Number of protein chains: 2
Amino acid sequence: MTRPTARRGAGRPRTPVLSRDRIVDAALELIDDGGTFSLGLLAERLAVKPSSFYNHISGKDDILAGVQERITDAIDAGMFERLPWADAVVEWARAYRAAFVAHPHAIALFATAPVMGAGRTLRMYEQVVTGFRAAGWPLEAIIPAIVAIESFVLGSALDAVAPATILEPGPDAEAVPLFAAAVSARDLRAAAENMTAADLAFATGLRAMIDGLAASASR
Amino acid sequence: MTRPTARRGAGRPRTPVLSRDRIVDAALELIDDGGTFSLGLLAERLAVKPSSFYNHISGKDDILAGVQERITDAIDAGMFERLPWADAVVEWARAYRAAFVAHPHAIALFATAPVMGAGRTLRMYEQVVTGFRAAGWPLEAIIPAIVAIESFVLGSALDAVAPATILEPGPDAEAVPLFAAAVSARDLRAAAENMTAADLAFATGLRAMIDGLAASASR
DNA sequence: ACCTGAACACCGTTCAAGT
DNA sequence: ACCTGAACACCGTTCAAGT
């Protein structure tokens, strides 16, 4: 039955209530709940005062960076060691998008200061590059392809959390008949395939991009 | 030599200093200059007080929506009436991305409340859908393809304005040798082709996606 | 070492008061 | 009709003071 090693001359040990991890945890929860994110609200949740944060983090941006890390760290790239290239890329892109879409109110974070930072992340990239290399990709073509996929994934995640109305013809439908018909046909198809409109666009684009990349690699 | 029609019983006519257009104009300029965007700074530029804005707009978000419209309205889709489908799509995607990249500090606006709103915009979509239809696309496949392209364009624009360092191996390079080599090879290639790394990724992804979409359409 | 209260400069928005 | 000054509630951050 040990107790925390007593520091020299200290009275009672006083376990701190805050830590960077605990702050980032609570921040992600607060963001996921929607509504506004402010240090005042965050402090309230942790039964603490806003000024207390500054013993553990350098400011609001530091907290947000921690949240971003937490989300991207959930992305796995192990599929490149198990699956053929095309299947692995599809799986990876899906997992990537899913990690963003699981935190819709946090996505704006990635938009302004895009993606990825930690050391875990570099290991993921190593796995992905290895998968491309094993499939015969020339070294200088790999990163552009990966960045292209990431750009598509981020754009699709933003689309997925966007209000569904942005692409609706609205009252001016008769002025743009073909567009209106195309949207209706899309809605019918999405319903029939039991997907959201955003899912359908993502599946379409991912399929196309992987096919296109595969074709360019074998050319 | 006419003067503004005198209202009933009015003294001097008093032309107003502000208008929605003038506010949005100045807002875009302020955003493009980088740094922070606030109503206080905007008012200062216009030699006016922040409270004056509320005679012309409903709030900060209204101004930002105006800025967004101004930028997206610059995107033309006339190429669909002049070029074969594949060429037109490539041109359109490039113009789309260019409109965003021309205002790097404004891009975050599109991320949170993605893209497009006005009536000009609907006409653009009508042109694009018409181009797809003329190329033989089935109606229900058109919108998903367009949205996929838009997602890629937005993601690529965000990538283009991101700090270039985000995908650098840094001091841990020896732990991820293949990734580090791939980044170096990419940098060499980009320099040789006189493109930025972001340009290269965009060109790669766009080519792949259009090829993939073309293949799926003729299947 | 870590939490706090007070203070700071700034934010967007409202509204009665001016002309 | 349109601009303003004052006020409001809130923001992120600093820092001396506590323990």
Side-chain angles (χ1 to χ4, degrees), chain A residues 3-28 30-31 33-68 105-106 108-109 112-113, chain B residues 3-28 30-31 33-68 105-106 108-109 112-113:
Chain A
R3 61 173 66 227
T5 51
R7 304 298 174 86
R8 49 186 174 97
R12 18 184 173 47
R14 303 264 225 134
T15 34
V17 29
L18 284 181
S19 71
R20 201 187 127 95
D21 270 357
R22 213 161 122 56
I23 294 170
V24 171
D25 265 350
L28 181 51
L30 180 56
I31 289 172
D33 284 358
T36 49
F37 175 79
S38 81
L39 299 192
L41 260 13
L42 186 61
E44 206 172 287
R45 275 201 181 214
L46 288 162
V48 118
K49 303 297 162 189
S51 49
S52 307
F53 292 139
Y54 293 81
N55 288 297
H56 305 272
I57 48 91
S58 71
K60 194 192 187 190
D61 287 349
D62 191 18
I63 299 179
L64 262 14
V67 168
Q68 197 170 333
H105 301 286
L109 299 183
T112 1
Chain B
R3 62 174 67 230
T5 50
R7 304 299 173 87
R8 49 188 174 98
R12 18 179 173 50
R14 303 264 226 135
T15 35
V17 30
L18 285 181
S19 70
R20 202 189 125 96
D21 269 358
R22 213 162 123 56
I23 294 170
V24 170
D25 265 349
L28 181 51
L30 179 55
I31 289 173
D33 284 357
T36 48
F37 174 80
S38 79
L39 299 191
L41 260 14
L42 185 62
E44 206 171 286
R45 277 203 178 212
L46 289 162
V48 118
K49 303 298 163 189
S51 48
S52 307
F53 291 139
Y54 293 82
N55 288 296
H56 305 273
I57 49 89
S58 72
K60 194 191 189 193
D61 286 349
D62 191 17
I63 299 179
L64 262 15
V67 169
Q68 196 169 333
H105 302 285
L109 299 183
T112 1

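It should be emphasised that the depicted structure is a prediction, and the values quoted were computed from it without experimental measurement. Protein chains get the first letters and strands the later ones, always in sequence-line order, with residue 1 at the start of each.
Atom CZ in B:Phe53 sits roughly 10 Å away from atom P in D:dT4 (whole-Å rounding). In this structure, CG of B:Leu46 is placed 16 Å from P of D:dC2, rounded to the nearest angstrom. C:dG12 atom P lies 13 Å from atom CD of B:Glu44, rounded to whole Å. As a whole-Å value, the separation of B:Asn55 CG from C:dT19 P is 17 Å. Taking atom CD1 of B:Ile23 as the reference point, atom C1' of D:dC2 lies 11 Å away to the nearest angstrom. Rounded to an integer number of Å, the gap from CG of A:Leu42 to P of C:dC3 is 13 Å. Nucleotide C:dT13 holds its C1' atom 12 Å from the CD1 atom of B:Ile63, rounded to whole Å.
Phosphate contact (OP1/OP2 of C:dA1, side-chain N/O of A:His56, threshold under 4.0 Å): absent. For the pair B:Lys60 and C:dG12, the criterion of a side-chain N or O lying under 4.0 Å from OP1 or OP2 is met. Look at A:Ser52 and you'll find a side-chain N or O under 4.0 angstrom from OP1 or OP2 of C:dT4.
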- Between B:Thr36 and B:Leu41, does a side-chain contact (heavy atoms from CB on, under 4.5 Å) hold up when you go through it step by step? CA-CA 8 Å; B:Thr36 48; B:Leu41 260 14; 3.7 Å; yes
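Of the candidates C:dG12, D:dG12, D:dC2, the closest approach to any side-chain atom of A:Tyr54 belongs to D:dG12. Side chain of A:Leu39, nearest nucleotide from C:dC3, D:dG12, C:dG12: D:dG12. For B:Lys49, whose side chain is taken as the heavy atoms from C-beta onward, the closest listed nucleotide among D:dT4, C:dC3, D:dC3 is D:dT4. The A:Ser51 side chain lies nearest to D:dC15 when the options are C:dC3, D:dT4, D:dC15.
Base pairing annotation: D:dC10 forms no Watson-Crick or G-U wobble pair, as no partner gives both donor-acceptor distances under 3.5 Å. Across all strands shown, C:dG18 forms a Watson-Crick or G-U wobble pair, both distances under 3.5 Å, with D:dC2.
Minimum interatomic distance between A:Arg20 and A:Asp62 (heavy atoms only, all atoms of both residues): NH1-OD1, 2.7 Å.
The shortest distance between side-chain heavy atoms of A:Val48 and A:Arg22 does not fall below 4.5 Å. Proximity of B:Leu39 to B:Tyr54: side-chain heavy atoms (C-beta onward) are separated by under 4.5 Å at one or more points.
Of the residues listed (A:Leu28, A:Leu109, A:Ile57), the one engaging A:Leu64 in a side chain to side chain contact (heavy atoms under 4.5 Å, CB included) is A:Leu109, and it is the only one.
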